[in-house]
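Structure, as C-alpha cells:
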Amino acid sequence: MDDKIINRAIKEKKSADEIAQRYINEFYKDMDALLVLRPTVEPRATQHIPQIIESIKGLLDKGFAYESNGDIYFSVEKFKDYGKLSRRKLDDMIAGARVCAINGKRHPLDFALWKKSKSDEPYWHSPWGDGRPGWHIECSVMSQFYLGETFDIHGGGQDLIFPHHENEIAQAEALTGKPFVHYWIHNGFVKINKEKMSKSLGNFFTIREILNDYHPEVLRLFLLSNHYRSPIDFSYDMLNKAENNLEKFYSFLLETERIKNVKPINSSFKLANPFSEQVKESKEEWEKAMDDDFNSAKAIGHLFSLLRACNHFIHEEGYKYEDGQKLLGEAADLIKKFGEVFGIFSEKPEHFIKKLKTKKEKSRSIDPAIIEDLIKKRAVYREKKEWEKADEIRNKLLEMGIQIMDTPKGTTWKVL
RNA sequence: GGCGGCAUAGCCAAGUGGCUAAGGCAGCGGUCUGCAAAACCGUUAUUCACCGGUUCAAAUCCGGUUGCCGCCUCCA
C-alpha cells in the first residue's frame, strides 16, 4: 500500500480502497482506449495479506529478515545473490554517496517487508503488531501465488530493475531456494527530446491527449516500430508518419475488399507462384522476428515487405485470375493476422479511412461540401479538356491542403 | 562518485563474428496518368561516434577516448 494513496484518502476523507478503485477505473479507461486486453488475473495486495504475512514469517524463520521497532526488514547481506539482476555489488552501492543509513536498519539497503502502522493509516493484524506490507513483498508473493514458485516471464520498466525487481528476487529466492523467474523483460522509456518522460519533469503527454488527435492504432504502430528494450523518442512528427503508414495498410485492405468482388478470369496466373513464395517467406520471417525477443521493429519491416509484394501483385493484375485472387485474399488475411498480434488493423478499412478523413477535416476546419463543389467544377473543365482551368482548381485545393486523386471511377480526395 | 545502457544514411530504425548492412520516411530517376496523386520499378551507408587490438574474417568481440541517456529514494 502506497503512501500516496493513504495521503490522498486522508485528504479526501475517503477510504484507501475507494481511492485505489478510482485510479484503477481511470487506468482501465486508458488501457481500453489503447486496445490493451484485460489481464486474466489482477490481484490486489490488500486481498493477499495472509499470504504476505506467511512469506514474511518464512523469511524471519530462515534468518533473512529481522524485526526492528515493529518493522520487519529484509537483510540484503544475508542473501548472497543480492544485486545479480542489476549487476551491482553491495560495497559499490555503499560507496555511492546517495545511500545513507536509516535508523533501525542494519544495512542501508535493507528494505521493509512489514511496516508498523502509524495512527490514521490502514492496518492489518500480524504477529508483529498492526501494520501494512512493505513495498516489494506483494509483487513476489502474489505472482508466486498465482504462477508458482518459479515462473517464466516477469516484465516491467527499466527503472524498476533496481531496487524493485532486485528485491523481489531476494525475497522470493531467499524463501524458496529456487529461481524466481526465467526471463526478465524490461522495456525502455518513452522520451521527449531524449529525456525520460516523467510527471516530475513535466514533459509528458497523456494518453487521452494523444488519443484525442490520433487513432490508438497509430500510437501502437509508432511504439512497435522500436524494439521494446530501446528508449523511444516521442514526437508528433513520428506519430504523423505512423499515421500515414497505417493508412497505407488500410488502403491496401480496402482495395482487397474491392478485389474480392471482381469476377475472376477462370484460369491460373503464372506470377502466382513467386508471389506465393513471398507470402510464405514473409510469414516465416515475421514469426522468426517475433520469436527473437519480440523484435516487433523487425517484424514490422517484414510486414512492409509483404505489403509491397501484395501491391506489386495487384499492379501486375494477378488478382484477376482465380487462383491469384485467392492468393491475394490469403495474403491480406495474413496481414490482418499479424495486425491482430500487434493490436492494429482491427477497424473496417472503410471506417478507418473515413474516420481519419473526418478527423483531419475537423482539425483543418474543412467543409467537404465546398471541396465536392470544386471537384465538380473541375470535372466540367476536364470534360472539355480545358486542362489549365482544371489544374488551377487542383492547385487551389492543394493550397487548402486537399490532395485529389483521379481514378477511372471518378475523383476522390484526401486531407493532407 | 558507483553501476548499467546507447551511438548504424538527411531523419526514424533492425542487425551483436562470415550471405548484397532489413524496413519506413524524405530525396532523385522511371512506369502509369491530359498533367498529377496513389501504387509499382529502380536508386540513395565500400561503411556502422573516434582510436587501437584480437581474428583468415569485426557494425558485431576486447581495451581506451568522446558524446548522450538512465538507475543508485521507505516511488512501485
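Note that the structure is a prediction, hence the values are computed from the model and not measured. Below, read A as the first sequence line, B as the second, and so on, with proteins coming before strands; counting in each chain starts at 1.
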#### Entry: Who pairs with rG17(B) - Watson-Crick or G-U, where each distance is under 3.5 Å
none
### Query
Is the shortest side-chain N/O distance from N311(A) to OP1 or OP2 of rC40(B) below 4.0 Å?
yes
### Task
Look at all strands and tell whether N245(A) reaches a base, only sugar-phosphate, or nothing, counting heavy atoms closer than 4.0 Å.
sugar-phosphate
### Query
Base, sugar-phosphate, or nothing: which does K115(A) touch, judged by heavy atoms less than 4.0 Å apart?
base
### Task
Check the distance between rC32(B)'s P and H312(A)'s NE2 and give it to me in whole angstrom.
16 Å
### Query
Is any NZ, NE, NH1 or NH2 atom of the basic residue among K337(A) and D333(A) found under 4.0 Å from an Asp or Glu carboxylate oxygen of the other?
no
### Polar contact flag, side-chain donor to acceptor under 3.5 angstrom, N295(A)-Y228(A)
no
## Note on the structure
Between CZ of F304(A) and C1' of rA14(B) the distance, given in whole Å, is 13 Å
### Task
Round to a whole Å and report the spacing from CG of N295(A) to P of rA22(B).
15 Å
### Query
Is the count of non-hydrogen atoms from other residues, nucleotides or ligands lying under 6.0 Å from K376(A) atom NZ greater than 12?
no
### Query
In the structure shown, which nucleotide is the Watson-Crick or G-U wobble counterpart of rA39(B), with both distances under 3.5 Å?
rU31(B)
### Task
Would you indicate whether K115(A), at its atom NZ, is surrounded by more than 12 heavy atoms from other residues, nucleotides or ligands within a distance under 6.0 Å?
yes
### Message
If you compare all heavy atoms of L90(A) against all heavy atoms of V76(A), which two are closest, and at what distance to 0.1 Å?
### Response
CD2-CG2, 3.8 Å
### Under 3.5 Å side-chain donor-acceptor pair for D130(A) and S117(A)
no
### Message
Under the ring pair (Phe, Tyr, Trp, His ring centres under 6.0 Å) definition, can you give me all pairs with a residue in residues 332-351 of chain A, not counting sequence neighbours?
### Response
F249(A)-F345(A), Y250(A)-F345(A), W286(A)-F338(A), W286(A)-F342(A)
### Query
Tell me: CG of L253(A) to P of rA39(B), nearest whole Å?
14 Å
### Task
Give a yes or no on whether K360(A) atom NZ has more than 12 heavy-atom contacts from other residues, nucleotides or ligands under 6.0 Å away.
yes
## Note on the structure
Answer for the Watson-Crick or wobble partner of rA57(B), both distances under 3.5 Å, is none
### Query
Does OP1 or OP2 of rG24(B) have a side-chain N or O of N244(A) closer than 4.0 Å?
no
Pairwise N/O distances under 3.5 Å, protein to nucleotides 4-9 of chain B:
none

### Atom-to-atom span, CG of N226(A) to P of rC11(B) - whole angstrom
16 Å
### Message
Only pairs with both distances under 3.5 Å count, Watson-Crick or wobble alike; so what is the partner of rG63(B) in this structure?
### Response
rC51(B)
### Summary
Winner on side-chain proximity to D406(A), out of rC25(B), rG34(B), rA14(B), is rG34(B)
### Message
Can you classify the ring geometry of F111(A) versus F74(A) as parallel (below 30°), tilted (30 to 60°) or perpendicular (above 60°)?
### Response
parallel
## Note on the structure
Residues in residues 367-374 of chain A with a heavy atom under 4.0 Å of RNA chain B, by number, are none
### Query
In terms of side-chain heavy atoms of K191(A), which of rA37(B), rC3(B), rC69(B) is nearest?
rC69(B)
### Task
Can you tell me the distance, in whole Å, between the CG atom of D159(A) and the C1' atom of rC69(B)?
13 Å
### Query
Do the charged groups of R22(A) and E12(A) touch, with an N to O distance under 4.0 Å?
yes
#### Entry: Complement of rG1(B), any strand, by Watson-Crick or G-U distances under 3.5 angstrom
rC72(B)
### Summary
Which of rC72(B), rA14(B), rC35(B) is nearest the side chain of F162(A)? It is rC72(B)
### Message
What's the closest nucleotide to the side chain of R308(A) if the choices are rC74(B), rC40(B), rA37(B)?
### Response
rC40(B)
#### Entry: Side chain of R88(A) - closest among rC3(B), rA37(B), rA14(B)
rC3(B)
### Task
Ignoring the backbone of S305(A), work out which of rG34(B), rA37(B), rG23(B) is nearest its side chain.
rG23(B)
